[in-house]
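The next block holds one structure in the form of structure tokens; read it before the comments.
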Amino acid sequence: NELALADVGALVYRKAPVDLAASLEHTLAAYAERIAAARLTLDTALTPGLVISADAYRLGQLFRNLVENTLRYTDPGGCLKIVTRRDADHACIDFLDSAPGVPDAMLPRLFERFFRGEISRNRATGGSGLGLAICRSIVDAHGGTITAHQSPLGGVWVALRFPLIES
């Protein structure tokens, strides 16, 4: 079980410089048909040249888990907006989706193992409650932070921060 391995720090990370825009574009290309089939609009504003020291596979897994979460819980006709930007010596990645959202009190708990959010985001297609916990473990292993907020689009805003490496 990957999460159990992550808990004890046993997942192997092979880090190299990774351009976040290129990594996100690669992940999103693989999801284009599923995003369209879910009747979601994808809006991206990706800043090139944001390079972090990362395990490309694990970073892709992080992005896949976040896109899966949007596919699973966002109402048809909604949208997913992904924005990258530089903030001093950090790269910021924002995943913002549309309704439904989760109550404020649940936002800090979204990354806990087995936590399942409010019923509106916990449909029959809901997962095991492990995807976002795995996201936190991947972000932690990269020296970053992951937080959840109310999205201005009506759903959940997952904010990621990673230390940049100078290229």
Side-chain angles (χ1 to χ4, degrees), residues 1-24 26-28 30-31 44 46 50-74 80-98 100-123 125-165:
N1 170 316
E2 287 204 334
L3 192 61
L5 289 171
D7 286 345
V8 297
L11 282 182
V12 175
Y13 286 86
R14 292 179 183 86
K15 294 181 182 176
V18 174
D19 182 287
L20 290 173
S23 180
L24 278 160
H26 177 76
T27 299
L28 295 172
Y31 276 95
T44 60
L46 307 181
L50 296 177
V51 179
I52 68 169
S53 176
D55 180 303
Y57 174 78
R58 296 291 173 200
L59 201 60
Q61 182 180 24
L62 167 66
F63 298 153
R64 288 189 300 275
N65 283 357
L66 293 173
V67 172
E68 287 286 349
N69 215 52
T70 291
L71 286 170
R72 187 172 287 136
Y73 298 117
T74 303
L80 169 60
K81 182 173 185 174
I82 303 173
V83 178
T84 63
R85 61 188 157 56
R86 182 185 189 112
D87 178 22
D89 57 351
H90 282 80
C92 300
I93 310 167
D94 297 315
F95 277 74
L96 304 106
D97 64 27
S98 53
V102 297
D104 285 340
M106 289 188 180
L107 289 170
R109 300 195 58 208
L110 290 179
F111 305 105
E112 293 175 11
R113 188 199 297 231
F114 304 124
F115 181 74
R116 302 284 294 272
E118 191 221 352
I119 201 71
S120 67
R121 279 186 81 103
N122 187 7
R123 303 201 183 115
T125 58
S128 63
L130 291 174
L132 291 177
I134 290 171
C135 288
R136 164 156 286 155
S137 124
I138 293 169
V139 170
D140 288 349
H142 287 87
T145 61
I146 183 169
T147 54
H149 314 272
Q150 296 294 346
S151 167
L153 305 177
V156 173
W157 167 9
V158 175
L160 305 165
R161 280 179 65 88
F162 295 101
L164 283 165
I165 57 173

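The distance from atom CG of Leu28 to atom CD1 of Ile82, rounded to the nearest 0.5 Å, is 4.5 Å. Rounding to the nearest 0.5 Å places CG of Asp19 at 10.0 Å from CD1 of Ile52. In this structure, CG in Leu96 is found 5.5 Å from CG in Asp94, a value given to the nearest 0.5 Å. Of the inter-residue distances, the one linking Leu24 atom CG with Ile93 atom CD1 reads 5.5 Å to the nearest 0.5 angstrom. Atom CD1 of Ile134 is separated from atom CG of Asn65 by 6.0 Å, given to the nearest 0.5 angstrom. In this structure, the separation between CZ on Arg85 and CG on Asp87 is 6.0 Å, given to the nearest 0.5 Å.
The two residues Ala88 and Leu164 have their closest heavy-atom pair at O-CD1, 4.0 Å. Here the shortest heavy-atom pairing between Phe111 and Ile146 reads CE2-CD1, 3.3 Å. Between Ser23 and Val18, the shortest heavy-atom contact is CB-CG1, 3.9 Å. Considering every non-hydrogen atom in both Gly143 and Pro163, the closest pair reads O-CD, 3.4 Å.
Within the 4.5 Å cutoff, no side-chain heavy atoms of Thr84 are placed close to those of Cys92. With a 4.5 Å cut-off on side-chain heavy atoms, Glu112 and Arg136 do not count as touching. Counting heavy atoms from C-beta on, the side chains of Arg14 and Arg58 never come closer than 4.5 Å. Within the 4.5 Å cutoff, no side-chain heavy atoms of Val102 are placed close to those of Tyr73. Contact annotation: the side chain of Asp140 never approaches that of Ile138 to less than 4.5 Å [non-hydrogen atoms, C-beta and beyond].
Listed by chain and number, the residues in a side-chain hydrogen bond (donor to acceptor under 3.5 Å, both in side chains) with Gln150 are Asp104 (sequence neighbours excluded). Take His90 and apply the side-chain hydrogen bond (donor to acceptor under 3.5 Å, both in side chains) test, not counting sequence neighbours, and it matches Arg161.
Under the side chain to side chain contact (heavy atoms under 4.5 Å, CB included) rule, Cys135 has a single partner from Leu110, Leu160, Asn69, Leu62, which is Leu62. Among Leu59, Leu50, Thr145, the single residue meeting the side chain to side chain contact (heavy atoms under 4.5 Å, CB included) criterion with Phe162 is Leu59.
Using bins of under 30°, 30° to 60° and over 60° for the plane-to-plane angle, the ring pair Trp157/His149 lands in the tilted bin.
Side-chain atoms of Ser151 come within 3.5 Å of backbone atoms of Leu153 as a donor-acceptor pair (strictly under, hydrogens ignored).
Asp97 has no carboxylate O lying under 4.0 Å from a charged side-chain N of Lys81, or vice versa, which leaves the two without a salt bridge.
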* I would like to know whether Phe63 and His26 meet ring-ring contact (aromatic ring centres under 6.0 Å, His included); could you show each step before the answer? => CA-CA 10 Å; Phe63 298 153; His26 177 76; over 10 Å; no

* Asked: Is there a side-chain contact (heavy atoms from CB on, under 4.5 Å) between Phe95 and Val156 once you walk through the steps?
  -> CA-CA 8 Å; Phe95 277 74; Val156 173; over 6 Å; no

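Relative to the ring axis of Tyr57, Arg64 places its NZ or CZ within 45° and under 6.0 Å from the centre.
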